[in-house]
Amino acid sequence: MAVPQHRNPGDALLPPPPDIVRSAYAELIVTNLAEARHFWVDLLGFVVTDEDSESLYLRGYDELTHHNLVLRAGPVGALGVLAFRVRSAADLARAEAFYGALGCRTERRPAGATRGVGETVRAEDPLGFTVEFFASSAHPERLQQRYDLRRGAEVARLDHFNICVPDVPAAYEYYSSLGFGLSETIEDEQTVYAAWMYRKQTVHDVAFTGGAGPRLHHLGFFAHEPHNVLRMCDILGSLSLESCIERGPGRHGVSNAFYVYLRDPDGHRLEIYTSDYYTGDPDHPVLRWSVLDPRRRDFWGHAVIPSWYSEASPVLDLDGKPRPVSEIEQTAEATVGADGFTVPPSE
């Protein structure tokens, strides 16, 4: 059977994309590795798979690949890489050809250049993010039933990336060309303000928040039970670290997730959540939320605080330099007042 051709938003023919399995790990640049370790390992409970003087390789208790998160010491807090697992080694060549056809810079990296994974391909994607693709990984000790080791939020695995982009429809077109499905949107008759897209059979592997970008809005980590979310809040409160809790706990309208948003010592945002749903049916219907519906961001109608819309992590290019940020090119989803209430654009 012939492989179908794909088109980019400019309608130019593209070679077939790499067969992406799921979002797999991210690399965050942190300015103090000891402080980052205390937050992510001692408080949140992530497992240390490997480490050296400059980096920590962390994973959740369900993860069977080498890591879900790399913390690397650097001068400025930033996002280094968003990484996706692909189906086979042949998909690395597909990634090079696909991004080459888009005019994007690519870099082939040997096995071990990213510790614990095989050969990789990195690219500066059309949205300005550095993405990495890998097919093989080391398999550390299985910890799914090591309940005696669990701490903090008992995070199971990385689930998704949420990224700030100045043009959400353009981001949707790009990820559609990579073979991602669409689960939910926030929209009105004029435009799409946010979108949730997937490769694995959950609500999302990547989501787009309309705003100045490229920036990382947050990394989403899955926990099995709502009490894991609540326990994390209690731990932070008991240690007088409640300032690390930015938003929640609450229930999203979009994705149905029970969530809390935290900020690490460098201001990187993470979500710990549970309770989303299956999206694997071939005719899975898209759930489209009106931007006028206050339940879209919080199902209980709680206001979203201004920092959640305005603050995000900068992004590094292939050379490790900060990417310039472009202002939003479309109408914003919400204008946020000092009281934290969201006002839909039509109002």
Side-chain angles (χ1 to χ4, degrees), residues 22-28 30 33-51 55-71 83 85 116 137-162 200-205 207 217-252 255-266 268-278 299:
R22 63 177 173 113
S23 54
Y25 60 83
E27 178 189 83
L28 295 180
V30 298
L33 196 60
E35 288 184 2
R37 182 192 179 103
H38 177 66
F39 179 83
W40 291 90
V41 178
D42 299 339
L43 295 179
L44 271 63
F46 278 76
V47 177
V48 179
T49 305
D50 208 341
E51 62 183 306
S55 303
L56 283 170
Y57 297 82
L58 310 180
R59 62 187 168 111
Y61 292 95
D62 282 7
E63 184 57 57
L64 300 180
T65 61
H66 188 264
H67 56 267
N68 292 136
L69 179 65
V70 181
L71 301 177
R85 186 158 199 183
S137 170
H139 294 287
E141 179 187 358
R142 186 185 290 263
L143 298 177
Q144 288 162 317
Q145 293 180 310
R146 288 298 307 272
Y147 297 105
D148 56 310
L149 299 179
R150 296 192 179 193
R151 304 183 314 280
E154 300 186 16
V155 166
R157 56 175 171 79
L158 175 78
D159 183 78
H160 61 267
F161 312 128
N162 188 302
K200 68 181 184 308
Q201 296 174 346
T202 63
V203 171
H204 54 326
D205 286 277
H217 190 273
H218 69 264
L219 301 177
F221 295 94
F222 180 80
H224 285 290
E225 306 286 349
H227 73 77
N228 299 136
V229 175
L230 297 174
R231 173 173 163 75
M232 193 66 246
C233 295
D234 280 339
I235 289 171
L236 292 171
S238 69
L239 296 172
S240 299
L241 294 172
E242 65 278 359
S243 61
C244 295
I245 304 171
E246 181 186 36
R247 180 182 166 204
R251 171 79 66 184
H252 281 311
S255 83
N256 192 50
F258 185 76
Y259 69 88
V260 67
Y261 289 95
L262 309 177
R263 304 290 287 270
D264 83 349
D266 286 284
H268 297 306
R269 182 184 291 110
L270 69 142
E271 178 187 25
I272 300 172
Y273 88 101
T274 190
S275 304
D276 66 348
Y277 58 86
Y278 175 77
F299 194 60

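We number each residue from 1, following the sequence as shown. Everything numeric here is computed off the predicted structure, so don't read it as measured data.
A 4.5 Å side-chain heavy-atom check between Val155 and Val47 finds every atom pair outside the cut-off. The shortest side-chain heavy-atom distance between Leu149 and Leu143 falls under the 4.5 Å cut-off. Contact annotation: the side chain of Leu33 approaches that of Leu56 to within less than 4.5 Å [non-hydrogen atoms, C-beta and beyond]. Counting heavy atoms from C-beta on, the side chains of Asp276 and Asn256 never come closer than 4.5 Å. A heavy-atom distance below 4.5 Å is not found between the side chains of Tyr57 and Glu27. When side chains are defined from C-beta on, Tyr259 counts as touching Arg247, because their heavy atoms get closer than 4.5 Å. Counting heavy atoms from C-beta on, the side chains of Leu236 and Leu43 come closer than 4.5 Å. In this structure, Leu270 and His218 have side chains that are not in contact, with every pair of non-hydrogen atoms separated by 4.5 Å or more.
Note: Leu219 CG to Asp159 CG = 11.0 Å, rounded to the nearest 0.5 Å. To the nearest 0.5 Å, atoms NE2 (His227) and CG (Asp234) are separated by 12.0 Å. To the nearest 0.5 angstrom, Ile235 atom CD1 is 12.0 Å from Cys244 atom SG. Atom-to-atom distance recorded for Leu28:CG and Leu58:CG is 9.5 Å, nearest 0.5 angstrom. Rounded to the nearest 0.5 angstrom, Glu271 CD and Ser255 OG are separated by 7.0 Å. Taking OH of Tyr61 as the reference point, atom CD of Gln145 lies at 14.5 Å (rounded to 0.5 Å).
Glu141 has a carboxylate O that lies under 4.0 Å from a charged side-chain N of Arg146, or vice versa, which qualifies the two as a salt bridge. Remark: Glu63 does not engage Arg157 in a salt bridge, criterion side-chain N to carboxylate O under 4.0 Å. Classification of Arg150 and Asp148 as a salt-bridged pair fails, no side-chain N sitting under 4.0 Å from a carboxylate O.
Put simply, the residue from Tyr277, Tyr261, Phe299 that forms a ring pair (Phe, Tyr, Trp, His ring centres under 6.0 Å) with His252 is Tyr261. The residue from Lys200, His204, Arg22 that alone fulfils the side chain to side chain donor-acceptor pair (under 3.5 Å) condition with His160 is His204.
With hydrogens and angles ignored, the 3.5 Å screen pairs no side-chain donor or acceptor of Asp42 with any backbone N or O of Phe39. Side-chain atoms of His139 come within 3.5 Å of backbone atoms of Leu64 as a donor-acceptor pair (strictly under, hydrogens ignored). In this structure, the side chain of Asp264 engages the main chain of Asp266 through a donor-acceptor pair within 3.5 Å. In terms of modelled atom types and a separation under 3.5 Å, the side chain of Asn68 and the main chain of Gly60 share a donor-acceptor contact. With hydrogens and angles disregarded, a donor-acceptor distance shorter than 3.5 Å links the side chain of Ser137 to the backbone of His66. Listed for the Arg263 side chain is no donor-acceptor partner under 3.5 Å among the backbone atoms of Ile245.
Shown here for Thr274 and Pro226, the closest heavy-atom pair between the two residues is CG2-N, 3.7 Å. The nearest pair of heavy atoms linking His217 to Arg269 is O-NH1, 2.9 Å. The two atoms that bring Val260 and Pro249 nearest to each other are CG2-N, 4.1 Å, heavy atoms only. Considering all non-hydrogen atoms of both residues, Asp62 and Gln144 come closest at OD1-CG, 3.6 Å. For Phe161 against Ser23, the heavy-atom pair with the smallest separation is CE1-CB, 3.5 Å. Residues Leu262 and Leu44 approach most closely at CD1-CD1, 4.4 Å, considering heavy atoms.
For Tyr273 and Phe258, the ring centers sit 6.0 Å or farther from each other.
Atom CD of Glu242 is surrounded by more than 12 heavy atoms from other residues, nucleotides or ligands within 6.0 Å.
Legend: residues meeting salt bridge (charged side-chain N to carboxylate O under 4.0 Å, His left out) with Arg37, ordered by chain and number and at least two apart, are Glu51. Annotation: ring pair (Phe, Tyr, Trp, His ring centres under 6.0 Å) contacts of Phe46 (sequence neighbours excluded): Trp40, Phe221.
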